[in-house]
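As the structure lists them, so they are numbered: ligands from 1, and atoms in each ligand from 1.
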Amino acid sequence: MTDANFNTIKQIAYQLTGISLSDHKKNMIYGRLSRRLRKLCLPDFNSYIQLISESESPETTDFINAITTNLTSFFREEHHFNHLRTEVLPRLMRTNMGSKRIRIWSAGCSTGEEPYSIAMVVSSFSSLAGWDVKILATDLDTNVVRKASQGIYNAERAEGIPNDYRKYLQYDKQNDRVRVHDRVKKIITFKPLNLLHTWPMKGPFDIIFCRNVVIYFDAETQRKLFDRYADILKPEGDLFIGHSESLHNITRRFSLCGRTMYKKVS
Ligand SMILES: C[S@@+](CC[C@H](N)C(=O)[O-])C[C@H]1O[C@@H](n2cnc3c(N)ncnc32)[C@H](O)[C@@H]1O
C-alpha cells in the first residue's frame with residue numbers, strides 16, 4: 001500500500017463514514033484491507049481502490065466494516081449507568097408519568113454491550129413495568145449490528161457486569177457463553193444506520209448515548225452531528241459521550257452536568 005493509496009483510502013473512508021483515519025493507522029488499515037484483497041483475489045491496492053470508488057459498489061459495506069473500530073464492553077464508563085439509575089430514570093418517571101413512555105438511542109452501539117447495559121438498568125426498575133420503554137441501537141457496521149442482535153457473548157465478556165445485573169443473563173456453561181434474557185432484549189431494536197446519512201426516525205428521544213464514536217470525526221462533522229442530536233432530543237434531554245470526548249468548542253446547545261454527561265439547553 002503506497003502512501004498515495006493510503007491517502008485515497010482515507011478520503012473514501014471520510015466521505016463514506018466521517019471517520020478521519022490518521023497516518024499512524026496505516027499498518028492497521030493495511031492489515032485489514034489486505035484480507036479483503038485476498039478474499040477478492042485482487043492483485044493490488046490500485047484495483048481495490050478502483051472497486052470501492054465505483055458508485056454503489058458491492059464492496060462498500062465490507063470496506064466500511066473493515067475500517068471501523070468496534071471496541072466496547074458491558075457497563076463501560078460505569079458512572080454513566082449509575083447516573084442513569086440514580087438521576088435520569090427517576091426524573092423521567094416523574095416527567096413522563098402522563099405518557100409512560102421513554103425513548104433512548106444508543107448511537108454507535110457496536111456489538112451491543114452498551115444498549116444491553118442500558119436495558120439491564122431499565123429492567124431493574126420494577127416501577128417501570130407497564131411503561132413503554134424502547135431503546136434504539138444503531139451502528140454503521142453491519143457485522144456488529146448482526147452480532148449485537150444475537151445477544152450472545154463469551155462468558156468472559158460478562159465479567160464486567162455488576163452482580164446486581166447478572167440475573168439478566170443465562171449462562172451456557174457447556175459453551176462458555178452468556179445469552180441476554182429475552183425480556184431485556186425485547187426492549188431494544190437493532191438497526192444499521194450511518195450517522196452521517198438521513199435518519200429514518202423522528203424521535204423525540206429522552207436520552208442519547210453516543211460514546212467513543214465522534215473521537216474519529218473532525219470538528220465540523222462533530223458540530224453537525226451534535227446539532228442534529230439536539231434537534232432530535234426532548235428539551236433537557238440527556239446526552240452521554242465517551243471518556244475522551246468533549247463538546248467544548250463544538251456546540252453550545254448542551255450544558256455539562258457531570259463527567260462526559262450533558263443536558264440539552266437549546
Ligand atoms: C469504539 S465503538 C464504541 C461503542 C460503544 N458506543 C462504546 O462506547 O462502548 C465506535 C462505533 O462507532 C461506529 N461508527 C463509526 N462511524 C459511524 C458512523 N458514521 N455512523 C454510525 N456508526 C459509526 C463504529 O462502527 C463503531 O462500532
Nearest protein heavy atom with distance in Å, relative to [atom]:
| atom | result |
| --- | --- |
| atom 12 (O) of ligand 1 | Val213 CG2, 3.6 Å |
| atom 8 (O) of ligand 1 | Asn212 ND2, 2.7 Å |
| atom 19 (N) of ligand 1 | Thr17 O, 2.8 Å |
| atom 9 (O) of ligand 1 | Thr72 OG1, 2.5 Å |
| atom 3 (C) of ligand 1 | Arg211 O, 3.5 Å |
| atom 4 (C) of ligand 1 | Gly108 O, 3.3 Å |

Residue-level breakdown please: for [X] versus ligand 1, do any non-hydrogen atoms fall below 4.0 Å on the side chain, on the backbone, on both, or on neither?
| X | result |
| --- | --- |
| Arg76 | side chain |
| Phe217 | side chain |
| Thr138 | neither |

### Message
Angle between ring planes, Phe240 versus His83, binned at 30° and 60°: parallel, tilted or perpendicular?
### Response
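It falls in the perpendicular class, over 60°.
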Which residue from [options] reaches closest to [atom] through any of its heavy atoms?
| atom | options | value |
| --- | --- | --- |
| atom 22 (N) of ligand 1 | Asn143, Val214, Ile215, Leu140 | Leu140 |
| atom 11 (C) of ligand 1 | Leu71, Asn70, Asp139 | Asp139 |
| atom 26 (C) of ligand 1 | Thr68, Thr69, Asp141 | Thr69 |

### Query
In this structure, which one of Arg103, Arg91, Lys264 forms a salt bridge (charged side-chain N to carboxylate O under 4.0 Å, His left out) with Asp238?
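The option that passes is Arg91.
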### Task
Check if Leu193 has a non-hydrogen atom at a distance under 4.0 Å from any atom of ligand 1.
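It does, in that a heavy atom of Leu193 comes within the 4.0 Å cut-off of ligand 1.
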Ring centres of [X] and [Y] under 6.0 Å apart?
| X | Y | answer |
| --- | --- | --- |
| Phe190 | Tyr116 | yes |
| Tyr153 | Phe74 | yes |
| Trp105 | Tyr229 | yes |

#### Entry: Donor-acceptor side-chain pairing of Glu59 and Thr61 below 3.5 angstrom
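On atom types as modelled, these side chains do not qualify, holding no pair under 3.5 Å.
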### Query
Can we say Asp206 and Arg101 salt-bridge, meaning some charged N sits less than 4.0 Å from an Asp/Glu carboxylate O?
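Salt bridge absent between Asp206 and Arg101.
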### Evaluation steps, salt bridge (Lys or Arg N to Asp or Glu O under 4.0 Å), between Asp227 and Arg253
CA-CA 7 Å; Asp227 209 31; Arg253 296 189 64 185; 2.7 Å; yes
#### Entry: N or O pair under 3.5 Å between Leu195 and ligand 1
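In this structure, Leu195 places an N or O atom under 3.5 Å from an N or O of ligand 1.
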### Query
Can you get from Ile207 to Leu225 by hopping between Ile, Leu, Val, Met, Phe, Trp and Tyr side chains that sit under 4.5 Å apart?
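No, Ile207 does not connect to Leu225 through the hydrophobic network.
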### Numbered atoms and elements of ligand 1 in range of Ser110, under 4.0 angstrom, heavy atoms
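That gives atoms 4 (C), 27 (O) of ligand 1.
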### For Glu114, atoms of ligand 1 separated by under 4.0 Å from a heavy atom
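What qualifies from ligand 1 is 5 (C), 6 (N), 7 (C), 8 (O).
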### Query
When rounded to the nearest 0.5 angstrom, what is the spacing between CZ in Phe81 and CD1 in Ile161?
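It is 10.5 Å, given to the nearest 0.5 Å.
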